[in-house]
Trainee: 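To start, I am sharing the structure in question, which I have written as structure tokens.
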Amino acid sequence: AKGRGRNAYQPYNRGLSERAERRNAVERALRAALDAGSFELHFQPQAWLDGRGVVRAEALLRDRGGLLAGLSPAEFIPVAEECGLIEPLGEWVLAEACRQARAWADSGLPLLPIAINLSPVQFRRGDIAERVAQALAKVGLGGEWLEIEMTESLVMRDIDSTAHTLHQLKALGVRLAIDDFGTSYSSLSSLRHLPLDRLKIDRSFVRALPGAAADAGLVQAIVDMARALGLQTVAEGVETREQHDFLRAIGCNQYQGYWLAPPCDATAFARWLDRPAK
Ligand code: C2E
Ligand code: CA
Ligand code: CA
Ligand code: CA
């Protein structure tokens, strides 16, 4: 019985140490990529569902040729958050998005606002509005060229200090979106009292549209609620014409997903800037 017990524990222990090793490997790769400067931003367009064209770009982190190449930030961002590297990484994303917008404007292209993802860890420091203001000032861009996507759980946790920070950001002219909306609990009254612009409907609700009646009902409810609150809606992960058409029919405002375009590098994204919105 003793032997069996020990054996029963081994796979668990092995699983733990493999996870720890993998985490350490990712942490080393993060440091290496930061040192080598091999990170880059890719951009994915968000467009109106009524055919008016592309409205903004979401910036998504990639490692160009480094040890993290081919890995989704969904895997390495949580590690960066754990080991404190999200601070320099998040600073870099903010600065790089501003630098890129400046570069596009300088090359004579009509600009689109860029949405960046903000980690709860960056938010908790309390000086994010100051950092954003400095990053914008450094390239001489107004806040209206920047949008910040933050997760629903971040916004709803510690609502008073979050509200204060959001008002500071809003005062800079920065647009505010709740990412992955629907995956966490939001109170209606909180949504109502925060200076938000948009809700991004999580991909998990979009995936089975339009066939899945429960998801269709949920998405319709989110769109209706957002409209009542004066917020726009963006559906993420739109992969088919059927999803696109359904979302347009229920009054969702904008969409993002492979059906329009996958994320691409800055050079490739310039073609979306050249194409004037209808
Ligand atoms: P997210 O903010 O929800 O970003 C959308 C993710 O969905 C991106 O994955 C994008 O490539 C992917 N996507 C877009 N359209 C489709 C589609 O039609 N179908 C499917 N299946 N996927 C689609 P990505 O780039 O791997 O990023 C994953 C997550 O990592 C992001 O999810 C975001 O939470 C985080 N992330 C990415 N860049 C940053 C960053 O600069 N800072 C922070 N803090 N987090 C980031
Ligand atoms: Ca996002
Ligand atoms: Ca999202
Ligand atoms: Ca998501």
Side-chain angles (χ1 to χ4, degrees), residues 26 30 33-34 38-47 49 54 56-64 68-100 113-125 128 131-132 135 146-155 175-184 196-209 219 222 233-244 247 252 254-266 268-269:
V26 170
L30 278 166
L34 274 167
S38 64
F39 281 114
E40 66 181 16
L41 290 181
H42 280 202
F43 298 89
Q44 187 179 30
Q46 298 177 7
L49 275 157
V54 173
R56 74 188 72 78
E58 178 176 5
L60 295 158
L61 197 55
R62 297 289 182 267
D63 183 17
R64 160 179 26 91
L68 297 169
L71 215 61
S72 165
E75 289 189 67
F76 62 75
I77 290 284
V79 177
E81 288 173 339
E82 272 173 49
C83 65
L85 289 174
I86 193 68
E87 298 274 347
L89 194 51
E91 269 304 288
W92 182 83
V93 169
L94 173 62
E96 175 62 11
C98 292
R99 188 204 62 78
Q100 185 61 68
I114 298 177
I116 61 169
N117 292 283
L118 214 70
S119 158
V121 178
Q122 290 174 274
F123 218 81
R124 254 179 258 134
R125 283 189 45 135
I128 189 67
R131 285 157 181 265
V132 167
L146 196 66
E147 178 152 326
I148 287 174
E149 297 191 0
M150 24 188 192
T151 58
E152 188 178 11
S153 49
L154 158 74
V155 174
R175 305 290 144 80
L176 303 169
I178 297 193
D179 209 350
D180 303 341
F181 189 79
T183 56
S184 178
L196 301 169
D197 296 282
R198 257 172 292 287
L199 305 180
K200 292 190 76 181
I201 302 169
D202 191 63
R203 184 166 84 227
S204 59
F205 302 108
V206 173
R207 194 176 293 135
L209 295 180
V219 171
I222 293 174
T233 39
V234 187
E236 46 175 48
V238 176
E239 295 183 353
T240 68
R241 168 181 290 278
E242 289 70 31
Q243 290 167 349
H244 168 278
L247 289 160
C252 184
Q254 296 152 6
Y255 74 112
Q256 175 180 1
Y258 297 162
W259 193 65
L260 176 65
C264 61
D265 68 21
F269 191 81

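Note that ligands are numbered from 1 as they come in the structure, with each ligand's atoms numbered from 1 the same way. The chain is numbered in sequence order, starting from 1.
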Trainee: Show which atoms of ligand 1 fall inside a sub-4.0 Å distance from at least one heavy-atom site of Q44.
Mentor: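 Going through ligand 1 atom by atom, the ones under 4.0 Å from Q44 are 14 (C), 15 (N).
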Trainee: Check each atom of ligand 1 against the heavy atoms of L61 and keep those under 4.0 Å away; list them by number with element.
Mentor: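 Close to L61: 38 (N), 41 (O).
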Trainee: If you count the atoms of ligand 1 from 1 in the order shown, which ones are under 4.0 Å from a heavy atom of S119?
Mentor: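 Those atoms are 44 (N).
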Trainee: Considering all heavy atoms of both residues, which atom of G182 and which atom of F205 are nearest to each other, and what is their separation?
Mentor: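 Smallest interatomic distance, heavy atoms only, reads O-CZ, 3.2 Å.
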Trainee: With sequence neighbours excluded, give me every side-chain hydrogen bond (donor to acceptor under 3.5 Å, both in side chains) pair touching residues 257-266.
Mentor: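 Applying side-chain hydrogen bond (donor to acceptor under 3.5 Å, both in side chains) to every pair that reaches into residues 257-266, excluding sequence neighbours, yields nothing.
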Trainee: Under 3.5 Å between some N or O of ligand 1 and some N or O of W259?
Mentor: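 So ligand 1 has no N or O lying under 3.5 Å from an N or O of W259.
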Trainee: Please check if any side-chain donor atom of Q44 sits under 3.5 Å from a side-chain acceptor atom of H42, or the reverse.
Mentor: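 Per modelled atom types, Q44 and H42 side chains form no pair under 3.5 Å.
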Trainee: Within ligand 1, which atoms have a heavy atom of D180 less than 4.0 Å away?
Mentor: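 Contacts of ligand 1 toward D180, numbered from 1: 3 (O).
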Trainee: If we set the cut-off at 4.0 Å for heavy atoms, which region of K200 has an atom near ligand 1: side chain, backbone, both, or neither?
Mentor: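 No part of K200 is near ligand 1 at this cut-off.
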Trainee: Could you grab the protein N, O or S atoms closer than 3.0 Å to the Ca ion (ligand 2) for me?
Mentor: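 Per the 3.0 Å query on the Ca ion (ligand 2), atoms found are E58 OE2, N117 OD1, E149 OE1, D179 OD2.
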Trainee: Residue-level breakdown please: for V93 versus ligand 1, do any non-hydrogen atoms fall below 4.0 Å on the side chain, on the backbone, on both, or on neither?
Mentor: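 Side chain only.
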Trainee: Say whether E81 and ligand 1 are in contact under the criterion: heavy-atom distance to a ligand atom below 4.0 Å.
Mentor: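 No; E81 lies far enough from ligand 1 that no heavy-atom distance drops under 4.0 Å.
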Trainee: Give the C-alpha distance, both sets of side-chain angles, the deciding distance and a yes or no for salt bridge (Lys or Arg N to Asp or Glu O under 4.0 Å) between K200 and E58.
Mentor: CA-CA 12 Å; K200 292 190 76 181; E58 178 176 5; 2.9 Å; yes
Trainee: List the atom pairs, donor and acceptor, that lie under 3.5 Å between side-chain atoms in residues 75-91 and the rest of the protein, sequence neighbours left out.
Mentor:
{"from": "E75", "atom 1": "OE1", "to": "R22", "atom 2": "NH2", "distance (Å)": "2.9"}
{"from": "E81", "atom 1": "OE2", "to": "S119", "atom 2": "OG", "distance (Å)": "2.7"}
{"from": "E82", "atom 1": "OE1", "to": "R23", "atom 2": "NE", "distance (Å)": "2.6"}
{"from": "E87", "atom 1": "OE1", "to": "R125", "atom 2": "NH1", "distance (Å)": "3.2"}
{"from": "E91", "atom 1": "OE2", "to": "R131", "atom 2": "NH1", "distance (Å)": "2.8"}

Trainee: Can you tell which part of V238 has a heavy atom less than 4.0 Å from ligand 1: side chain, backbone, both or neither?
Mentor: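 Backbone only.
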Trainee: At under 4.0 Å between heavy atoms, which part of I116 makes contact with ligand 1: side chain, backbone, both or neither?
Mentor: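 No part of I116 is near ligand 1 at this cut-off.
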Trainee: May I ask whether R207 has any heavy atom positioned less than 4.0 angstrom from an atom of ligand 1?
Mentor: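 Judged by the 4.0 Å heavy-atom criterion, R207 does not count as contacting ligand 1.
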Trainee: Quick one: does E239 get within less than 4.0 Å of ligand 1, heavy atoms only?
Mentor: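 It does, in that a heavy atom of E239 comes within the 4.0 Å cut-off of ligand 1.
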Trainee: State, with a plain yes or no, whether a side-chain heavy atom of M150 is found less than 4.5 Å away from one of L196.
Mentor: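 Yes; the side chains approach each other to less than 4.5 Å.
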Trainee: At less than 4.0 angstrom from any non-hydrogen atom of E236, what atoms of ligand 1 do you find?
Mentor: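 Selected atoms, number and element: 3 (O).
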Trainee: How are the rings of Y255 and H244 set relative to one another: parallel (under 30°), tilted (30 to 60°) or perpendicular (over 60°)?
Mentor: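 Taking H244 first and then Y255, their aromatic rings stand perpendicular (interplane angle over 60°).
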Trainee: Which heavy atom of A97 sits nearest to which heavy atom of L41, and what is that distance?
Mentor: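 The pair with the smallest heavy-atom distance is N-CD1, 3.6 Å.
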Trainee: Is any side-chain heavy atom of E236 closer than 4.5 Å to one of E149?
Mentor: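 No, their side chains stay 4.5 Å or more apart.
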Trainee: Please enumerate all residues that pass salt bridge (Lys or Arg N to Asp or Glu O under 4.0 Å) together with E152, with sequence neighbours excluded.
Mentor: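 E152 satisfies salt bridge (Lys or Arg N to Asp or Glu O under 4.0 Å) with no residue once adjacent residues are dropped.
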Trainee: How close do T183 and S204 get, heavy atom to heavy atom, and via which atoms?
Mentor: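 Where T183 meets S204 most closely, the heavy atoms are CG2-OG, 4.3 Å.
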Trainee: Side chain, backbone, both or neither: which part of I77 has a heavy atom under 4.0 Å from ligand 1?
Mentor: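 For I77, only side-chain atoms sit under 4.0 Å from ligand 1.
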Trainee: Output, in order, the C-alpha distance, side-chain angles, deciding distance and verdict of side-chain contact (heavy atoms from CB on, under 4.5 Å) for F181 and V234.
Mentor: CA-CA 10 Å; F181 189 79; V234 187; over 6 Å; no
Trainee: So, for P45 and P262, which heavy atoms are closest and what is the spacing to 0.1 Å?
Mentor: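 It is CD-O, 4.5 Å.
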Trainee: Taking 4.0 Å as the limit for heavy-atom contacts, which would you say applies to P263 with ligand 1: side chain only, backbone only, both, or neither?
Mentor: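 Near ligand 1, P263 shows its side chain, while the N, CA, C and O stay back.
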Trainee: Give the minimum heavy-atom separation between D63 and L68, together with the two atoms involved.
Mentor: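 Smallest interatomic distance, heavy atoms only, reads OD2-N, 2.9 Å.
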Trainee: Can you tell me if E58 has a non-hydrogen atom under 4.0 Å from ligand 1?
Mentor: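 Yes; E58 lies near enough to ligand 1 that a heavy-atom distance drops under 4.0 Å.
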Trainee: Would you say ligand 1 has an N or O under 3.5 Å from any N or O of Y258?
Mentor: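 Yes.
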Trainee: How close do R56 and P113 get, counting heavy atoms only, and between which atoms?
Mentor: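 Looking at all heavy atoms of both residues, the closest pair is CB-O, 3.1 Å.
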Trainee: Once you restrict to heavy atoms under 4.0 Å, what part of H42 touches ligand 1? Side chain, backbone, both or neither.
Mentor: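 The answer is neither; H42 stays 4.0 Å or more away.
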